Amino acid sequence: MKRILITGGAGFLGSHLCDKFINNDYEVICMDNFITGSPDNIAHLFGNKNFKFIHHDVTEYIYVEGKLDYILHFASPASPIDYLKLPIQTLKVGSLGTHKTLGLAKAKNARFLIASTSEVYGDPLIHPQTEDYWGNVNPVGFRGVYDEAKRFAEAMTMAYHRYHNVDTRIVRIFNTYGPKMRLEDGRAIPNFINQALRNLPVTVYGDGLQTRSVCYVDDLVEGIYRLLLSDEIMPVNIGNPDEITMLDLAKEIIELTNSKSEIIFMDLPDDDPKVRKPDTTRAKNILNWSAKVNRKEGLKNTIDDFKKRLGL
Ligand code: NAD
Ligand code: UDP
């Protein structure tokens, strides 16, 4: 049986990955300090003989008993409101946490996959974003704590690959959504759904004409699974290229929830990227992967999950 460590496993994406690997007959060790995650996301796995939880901050020395075949390093605040509240922890988990998990991969001879992000492209000057674009990031802006930590994490990953021969993978994840996102997560989709379901004003930042391209979590998990089992060392974008403005996304969610909410416009956060859309040609060619779930279907599943948790 293959044994995998998933850091940040009690978070949104990490908990879906725990499910994926448990369902594919892996032994899963989930490591988390609950700084933005929750035991609720993994509660159903406690009691499963192939699942183990370790409460630990991955910026500190990591000890795991026994063999490890794979390590997925997903620990990091990911919502802008989280990393603005937790700037030092965000920098530490991307830098020190990546160093510790790479050291563990080297010691255990495990394959290592880092969760990188479309934020490495910053406010992009080329559109859509291909993996060979180096990005346009403000290192001293508020988002710099996240963007630069992830850029450092990619550099550290390549250094361990080149200098220590660690078998590494880098996924650049574009905006992903789905069930289990925190109700108060602060990202656009959970905010809009939460507000629309309660008939509260839906908060669009700026003029709402900035774009994102949103991927349903099941598609992302499948892409990560394929990348982990592939031979690809260089970064691969995983995301859904279906681009939409935030204003249209807000309207779509109001319609899907049959909400009476009005849209209100609020200040645009500093350095908020104006456009974002993945070029997924590499994922298609190398992994034979592309996003399958269309936005309406993905949003409906997410709205159903939010309704349950809100008791509606
Ligand atoms: P999340 O906040 O739901 O999950 C992050 C998890 O990491 C949480 O459970 C948190 O408690 C844990 N964590 C943070 N610091 C830790 C530390 N020092 N030690 C141990 N655990 C720690 O966020 P998410 O959306 O699930 O994102 C997961 C990963 O995917 C992050 O690395 C993020 O940068 C990356 N990512 C996500 C998206 C997205 O759209 N969801 C996009 C790009 C990249
Ligand atoms: N946004 C918004 N209203 C909200 C939350 C976010 O208009 O209540 C905007 C935000 O300014 C950004 C986009 O939605 O332009 C996506 O934000 P999110 O936090 O989901 O992710 P980002 O891609 O910025 O990391």
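Values below: every heavy atom of this structure, side chains too, minus hydrogens, waters and symmetry copies. Whatever order the structure lists them in is the order used to number ligands and atoms, beginning at 1. All values reported here derive from a predicted model rather than from experimental measurement. Position 1 is the first residue of the sequence, and the numbers go up from there.
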Any salt bridge (charged side-chain N to carboxylate O under 4.0 Å, His left out) pairs touching [range], not counting sequence neighbours?
range: residues 211-229; value: Lys20-Glu222, Arg212-Asp272, Glu222-Arg226
range: residues 49-65; value: none
range: residues 22-34; value: Arg3-Glu27

List every atom of ligand 1 that sits less than 4.0 Å from any heavy atom of [X], numbering the atoms from 1 in the order shown and giving each element.
X: Asn175; result: 40 (O)
X: Lys150; result: 31 (C), 32 (O), 33 (C), 34 (O)
X: Asp57; result: 17 (C), 18 (N), 19 (N)
X: Gly37; result: 8 (C), 9 (O), 10 (C), 11 (O)
X: Phe34; result: 11 (O)
X: His56; result: 19 (N), 20 (C)

For atom 37 (C) of ligand 1, closest protein heavy-atom neighbour: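 Scanning the protein heavy atoms, the shortest distance from atom 37 (C) of ligand 1 goes to Leu13 CD1, 3.5 Å.
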
Under 4.0 Å, heavy atoms only, figure out whether ligand 1 is touched by the backbone of Val93, its side chain, both or neither. side chain

Answer side chain, backbone, both or neither: which part of Ser116 comes under 4.0 Å from ligand 1, heavy atoms only.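 Under 4.0 Å from ligand 1, Ser116 contributes backbone atoms alone.
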
Spell out, as yes or no, whether a donor-acceptor pair under 3.5 Å connects the side chain of Ser290 to the backbone of Lys284.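 A pair under 3.5 Å: no.
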
Do Glu131 and Arg172 sit within salt-bridge range, that is, some charged N less than 4.0 Å from a carboxylate O?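 No salt bridge links Glu131 with Arg172.
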
Residues lining ligand 2 [heavy-atom distance under 4.0 Å, listed by chain and residue number]: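 These residues qualify: Pro80, Glu119, Arg143, Asn175, Gly186, Arg187, Ala188, Asn191, Phe192, Thr203, Val204, Tyr205, Gln210, Arg212, Met246, Pro269, Asp272, Arg276.
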
Counting only heavy atoms, tell me which of Asp82, Thr117, Asp32, Thr59 gets closest to atom 12 (C) of ligand 1.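 Result: the heavy atom closest to atom 12 (C) of ligand 1 is in Asp32.
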
